[in-house]
Amino acid sequence: MGGNLMGKNGLLELKEKIDLDRIPKHIAIIMDGNGRWAKKRFLPRTAGHQEGMKRVIEIVEVAEKLDIKYLSLYAFSTENWKRPKEEIESLMKLLVQYIRNELDRIHKNNVRIQTMGDLSKLPRLAREEVERAVEKTKNNSKMILNIGLNYGGRDEIIRGIKNILEDVKMGKLKEDHIDEKVLNNYLYTYNMPDPDLLIRPSGELRLSNFMLYQIAYTEFWFSDIYWPDFKEEHLYKAIIDYQSRNRRFGGI
Ligand code: FPP
């Protein structure tokens with residue numbers, strides 16, 4: 001399946017199927033398939049990332065309009081450092097470009113940018129731009145756009161445990177009080193509910209170290225299309241599918 005398959009009427013019809021009273025609060029997306037999208041077109045992988053960035057811009061806007069409160073995007077994992085230097089540089093450049101082009105619009109729309117992952121390892125320019133975006137939007141309240149940068153779910157849990165141990169040692173936290181909620185407060189997503197819906201395009205059926213703790217009861221939506229082909233209609237389809245499911249959270 002490619003992009004832009006659906007005409008305007010089809011898109012409207014699809015949109016009308018969404019129950020606006022049951023919009024998922026938190027959607028998480030593993031943006032995958034940029035490289036394969038480019039390869040299919042005999043383009044460099046970086047062209048796939050560039051196209052992928054355009055989809056980020058569009059999907060953030062669609063999410064804002066749907067009144068989704070939390071959108072988590074996996075942009076760069078702790079494992080992505082294994083990629084060729086040129087590809088990493090290109091991804092960091094795109095991140096800087098994204099912030100420079102979009103920050104004013106995002107801020108005007110009352111969206112807060114937050115990140116998950118160890119930013120200290122990012123190149124200086126990328127880190128500074130991200131920090132500027134986080135600082136500028138910190139009081140915004142319409143939606144949290146939560147971007148995974150040098151993020152890994154295991155890394156996040158280990159970091160949380162270390163901070164818990166430190167606080168126990170300092171007498172700030174009692175060992176007896178450690179429970180799911182407390183650990184949650186030590187994760188990057190301390191101020192967000194768990195994702196209701198996880199979307200992964202590109203045909204891969206795995207989590208790739210994404211939000212491992214938070215995703216315990218999340219509904220998954222997979223699709224064969226590559227992220228650069230992921231359009232508004234696909235987000236609608238994922239939400240409609242999500243709304244047809246019966247979430248029991250372990251109950252009956
Ligand atoms: C996975 O595709 C995608 C990434 C590792 C990067 C995602 C980045 C973007 C969509 C653009 C920049 C993002 C922001 C937030 C500005 P892949 O390269 O693993 O694709 P493949 O599996 O087909 O090789």
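As the structure lists them, so they are numbered: ligands from 1, and atoms in each ligand from 1.
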Polar side-chain atom of Arg200 near backbone of Arg206 as donor-acceptor pair, under 3.5 Å | yes

Measure from atom 15 (C) of ligand 1 to every heavy atom in Ala75, Gly52, Ser77 and give the option owning the shortest one.
-> Ala75

Using a 4.0 Å heavy-atom threshold (strictly under), name the region of Trp227 that reaches ligand 1: side chain, backbone, both or neither.
-> side chain

Determine, considering heavy atoms only, which of Leu149, Leu95, Leu91 sits nearest to atom 8 (C) of ligand 1.
-> Leu91

Heavy-atom closest pair, residues Ile68 and Pro24 | CG1-O, 3.9 Å

Within the distance-only criterion (no hydrogens, no angle test), does the side chain of Ser208 pair as donor or acceptor with the backbone N or O of Phe210 below 3.5 angstrom?
-> no

Arg36 N/O under 3.5 Å from ligand 1 N/O | yes

Asn80 neighbourhood, listing ligand 1 atoms whose heavy-atom distance to it stays under 4.0 Å | 5 (C)

Could an N or O of ligand 1 be found under 3.5 Å from any N or O of Trp37, whether backbone or side chain?
-> no

So which protein heavy atom does atom 3 (C) of ligand 1 come closest to, and at what separation?
-> Met31 O, 3.0 Å

Check the side chains of His107 and Asn140 for a donor-acceptor pair under 3.5 angstrom, ignoring hydrogens and angles.
-> yes

Can you list the atoms of ligand 1 that are under 4.0 Å from a heavy atom of Gly35?
-> 17 (P), 18 (O), 20 (O), 21 (P), 23 (O), 24 (O)

Got Thr218 and His26 here, is their nearest side-chain heavy-atom distance under 4.5 Å?
-> no

Does the N or O separation between Arg45 and ligand 1 drop below 3.5 Å for any pair?
-> yes

How about Lys136: does its NZ atom have over 12 heavy atoms from other parts shown lying under 6.0 Å from it?
-> yes

Does the N or O separation between Arg83 and ligand 1 drop below 3.5 Å for any pair?
-> yes

Go through Gln243 and Asp19 one step at a time and tell me if the side chain to side chain donor-acceptor pair (under 3.5 Å) criterion holds.
-> CA-CA 8 Å; Gln243 290 183 333; Asp19 178 352; 5.2 Å; no

May I ask you to identify the nearest protein heavy atom to atom 11 (C) of ligand 1, giving residue, atom name and distance to one decimal place in Å?
-> His49 O, 3.7 Å

Is there at least one pair of N or O atoms, one from Asn34 and one from ligand 1, spaced under 3.5 Å apart?
-> yes

Check each of Leu205, Leu198, Ile199, Leu197 against Phe220 using the side chain to side chain contact (heavy atoms under 4.5 Å, CB included) test, and report the only one that passes.
-> Leu198

